[in-house]
Amino acid sequence: MLARSTSDRAAVRYLQSRIIRNWFRRSMRSPFFWLIGVFILFLLIGTIASVIDGPEDSGLIGESEQRYVSAAAGVFLLGGILVGLWRGTTNTPGASLADVVLLMGSPVSARLQFALLMLRPSLLNAVIIGLWATAAGSGLILGSGDQWAIVRLLFTVMLVVLLSEFLRNAVWVGTEQLVARSLERGQRARMTVKAITLFSGGAVGIGLLWPLTRDFDGTWRDALLVLGERGAALAAYPPMSLMASVFTPGGYSLASALVLMAGTLGVGALAIFWARDFTEPVSMTAERKTDARGQILESGSDVHWAILSQYGISPQMRVAISPFGRGPWALLWGSLIRWMRYQIAAAWITLFIMVGFGLLTALGVRMGFVSDYLAWMVVLIFPFFGSVNQFLDELRRQFLFLIPGSAHKRLFAAAATSVLDGMISSLIVIAALLVFGAISPGEAGGLFVLATAISLLAQACLALVQIIVPFWTGQRMRVSLTFGLTGLAFVPAFVVLALLTVTAGPVIGLLVASGITGIAGLVMMVIAGWLFDRMEFAG
Amino acid sequence: MSATTALYVRDVSKSYGQLNAVDGVTLQASAGEIVGLLGPNGAGKSTLIKCIAGLLRVSTGSIEVEGFNVRTPQARLRTGYIPEVPALYDLLTPWEHLQFIALAYELTDWQQRAEQLLEQFGLSDKRDSFSGELSKGMRQKVLIACALLHQPTLYLFDEPTVGLDPQAQRELTRQLLQLRNDGAAVLVSTHILSQIEPIADRAVIMTHGQTIASGTLDELRKGFDLPADTPLEDVFLQVTE
């Protein structure tokens with residue numbers, strides 16, 4: 001019989017290696033995988049070529065900017081540590097039900113189980129950092145040129161993410177051992193960590209922003225310079241100084257990077273060392289996630305609602321559930337309800353992100369970093385890419401296929417909520433831009449109409465691609481083709497927009513482009529409606 | 001605790017905040033015995049089985065499998081757990097699941113038994129398919145095969161027949177009887193009383209986290225003054241009302 005620890009390692013290694021191997025095997029069946037593979041290969045060749053080309057300084061990052069880059073790197077590390085500490089008090093490590101039943105139910109040691117749970121989401125990250133350490137140790141990635149700085153930036157970001165993740169696991173599993181012995185003690189420990197994190201984060205935030213609150217009358221650019229100086233002062237203290245030294249002008253401290261890596265590994269090792277009793281919260285979280293998925297699928301289908309509305313059974317119920325919409329339009333009502341539920345439950349975070357995007361863009365425009373046209377793109381990108389999943393969900397609902405009625409009506413009903421979602425997303429960003437004076441009211445109106453038209457065009461292209469392109473090409477491939485088709489269909493409107501903006505002004509340009517895009521979207525949707533019966537229910 | 005006691009649950013309670021999901025339950029299962037764990041929804045059956053499987057901590061009391069604390073590797077080596085939800089790795093094939101179990105439980109010469117199990121559950125032609133591509137019933141069969149492979153001395157089945165086709169249900173019943181004949185202790189939580197009635201040696205009935213009755217079917221009938229031919233379903237309804 002093998003030693004227990006040897007067989008444990010063999011079992012865990014087998015499990016994870018087979019999952020990875022089979023993921024490759026399955027992915028290789030999809031054309032999308034090859035498409036992405038070729039793209040990454042080109043990217044890799046380009047990077048290697050630029051590295052071989054030499055570490056000359058092309059002047060993209062000057063000496064003074066490098067000081068701020070160092071400061072930002074140091075503050076980023078501190079942020080990563082604070083986020084890791086905070087998440088350690090709230091986030092249970094993720095595991096599937098299969099992990100719970102087959103792995104955690106087995107005699108494989110608890111520490112090895114936890115090591116797998118901790119490393120699994122960070123596996124790629126850890127492998128790349130390992131490669132980097134090897135390359136750095138061999139003297140391949142040294143030098144001070146800006147292209148080296150970009151490589152260093154990429155890897156140090158990955159290192160901070162890994163450190164933050166390990167820290168989260170260490171804090172969580174460490175305090176969980178206290179919870180296992182005494183719930184009150186464990187909760188107190190987590191509250192203490194939370195308080196320390198909040199206090200430290202708050203103190204750092206106040207320290208950074210303090211000069212701006214005291215009679216500061218400079219421009220936005222001056223404010224950023226002040227923040228950079230404060231960040232540089234903060235980054236002089238360890239462990240931020242280690243990270244900052246990686247970006248310090250005139251040299252790259254391999255020793256600093258290695259200390260950071262050793263620290264990261266140490267935190268990970270500590271987490272594994274502490275991991276003895278953690279099965280209960282992990283298994284309960286895994287079950288909750290499965291339950292939630294089941295409940296979403298169940299309520300998301302809204303089978304009874306659609307049946308009642310369609311067949312007019314139980315007028316009382318119909319009035320209660322569907323105040324308007326029968327036949328195909330009952331689908332619209334159902335999808336609106338689902339959309340509303342989702343917005344209330346989860347989309348308030350998205351709202352903050354949207355507002356953040358808008359504010360950052362407005363700030364960029366005001367400071368001259370971002371051109372007006374780039375701000376337009378930020379607005380239009382949401383309806384272009386935003387509602388794919390929403391409409392795909394609608395296209396997967398069996399009642400779209402079962403309810404009698406014109407295919408065009410059913411398709412429009414299924415797409416309407418997604419179009420609305422795209423409109424609202426762009427409206428939030430437009431409002432933020434308008435409030436900060438980054439765009440004029442006329443431009444805001446024109447952008448909103450164009451965003452609505454693009455939203456319609458995007459949904460029409462999605463429906464068309466789902467109908468025409470065979471399912472065996474894979475969903476990711478079909479979604480990529482959707483973006484390609486939407487881009488192509490937008491070309492005429494884009495050309496007109498560019499010409500008219502220069503000759504007749506932006507508002508006219510935006511309105512005419514909206515008209516062209518809207519017509520293209522309607523035509524596509526009508527074609528999709530004609531072909532709709534060819535579409536198969538994806539289940 | 002007798003020498004043949006495979007499972008000993010002693011005054012176990014499990015609470016979530018104010019809710020007592022399991023409240024002072026004591027039960028035993030001996031080698032070569034099938035015990036039916038019965039009760040209405042929310043009675044605490046699944047929570048108790050998860051405590052016995054070592055997935056949940058007990059608030060008070062203790063659970064031992066062949067004398068080993070349930071949360072030790074020794075107890076896990078002796079326990080096979082089949083939950084209601086067929087939890088498999090989507091990216092592993094049935095055969096790879098069995099191979100993982102063989103490695104985790106340090107099995108030798110397991111291949112022939114694995115082939116037999118796949119054959120018995122009609123999975124031979126699916127041995128190299130990804131589990132994510134199997135139907136719910138087939139996934140449940142794979143999970144049962146995984147639990148049977150390492151031949152534990154205590155089996156915990158939580159609603160094992162949900163999602164199984166009639167052939168698989170019959171095969172499972174045959175397997176349960178075989179396990180009993182081989183000397184294993186089997187604890188089966190189920191709602192389908194007609195399936196457990198012909199094979200269970202004893203029944204334990206729970207409501208609101210507590211054991212309200214236990215014994216052989218005859219003992220339960222006598223305890224509630226019911227005629228000798230009363231089916232288990234009627235006994236259950238009488239006990240739980």
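At a 4.5 Å heavy-atom cutoff, the contact between A/F278 and chain B is made by backbone atoms alone. Contacts between A/A110 and chain B at a heavy-atom distance below 4.5 Å are absent for every atom of the residue. Interface remark: B/I82 contributes no atoms to any contact with chain A (heavy atom separation under 4.5 Å). Interface remark: A/L183 contributes no atoms to any contact with chain B (heavy atom separation under 4.5 Å). Heavy atoms closer than 4.5 Å to chain A are found nowhere in B/Q74, neither backbone nor side chain.
Of all the heavy atoms in A/A10 and B/L103, the pair that sits closest is O-CD1, 4.0 Å. The two residues A/S106 and B/R76 have their closest heavy-atom pair at O-CD, 3.4 Å. For the residue pair A/P107 and B/A104, the shortest heavy atom distance occurs at CG-O, 3.5 Å.
No more than 12 heavy atoms of other residues, nucleotides or ligands lie within 6.0 Å of CZ in B/R170, so this atom counts as exposed by the packing criterion. Counting heavy atoms of neighbouring residues, nucleotides and ligands inside a 6.0 Å radius, atom OH of B/Y16 exceeds 12 of them. Annotation for B/E119: atom CD does not count as buried by contact number, only 12 or fewer foreign heavy atoms lying within 6.0 Å. Atom CZ of A/R26 has 12 or fewer heavy atoms from other residues, nucleotides or ligands within 6.0 Å. Enclosure of atom CZ in B/R174 by more than 12 non-hydrogen atoms of other residues, nucleotides or ligands within 6.0 angstrom is indicated.
Separating the NZ atom in B/K14 from the CD atom in A/E280 is a distance of 3.0 Å, to the nearest 0.5 Å. To the nearest 0.5 Å, the span separating OH on B/Y89 from CG on A/L15 amounts to 4.5 Å. Between the CZ atom in B/R71 and the CZ atom in A/R276 there is a gap of 12.0 Å [rounded to 0.5 Å]. For the atom pair CZ of B/F100 and CZ of A/R18, the computed distance is 13.0 Å after rounding to the nearest 0.5 Å. Between the CG atom in B/L91 and the CZ atom in A/R25 there is a gap of 10.0 Å [rounded to 0.5 Å]. To the nearest 0.5 Å, atoms CG (A/L102) and NE2 (B/H97) are separated by 5.5 Å.
Proximity of a side-chain donor or acceptor of B/R57 to a complementary backbone N or O of A/R181 within less than 3.5 Å is not detected.
When side chains are defined from C-beta on, A/S283 counts as touching B/L56, because their heavy atoms get closer than 4.5 Å.
Within residues 35-54 of chain B, the residues having any heavy atom less than 4.5 Å from a heavy atom of chain A are, in residue-number order, B/K50, B/G54.
Among the candidates A/I20, A/V282, A/D277, A/D99, the residue making the largest number of heavy-atom pairs closer than 4.5 Å to chain B is A/D277.
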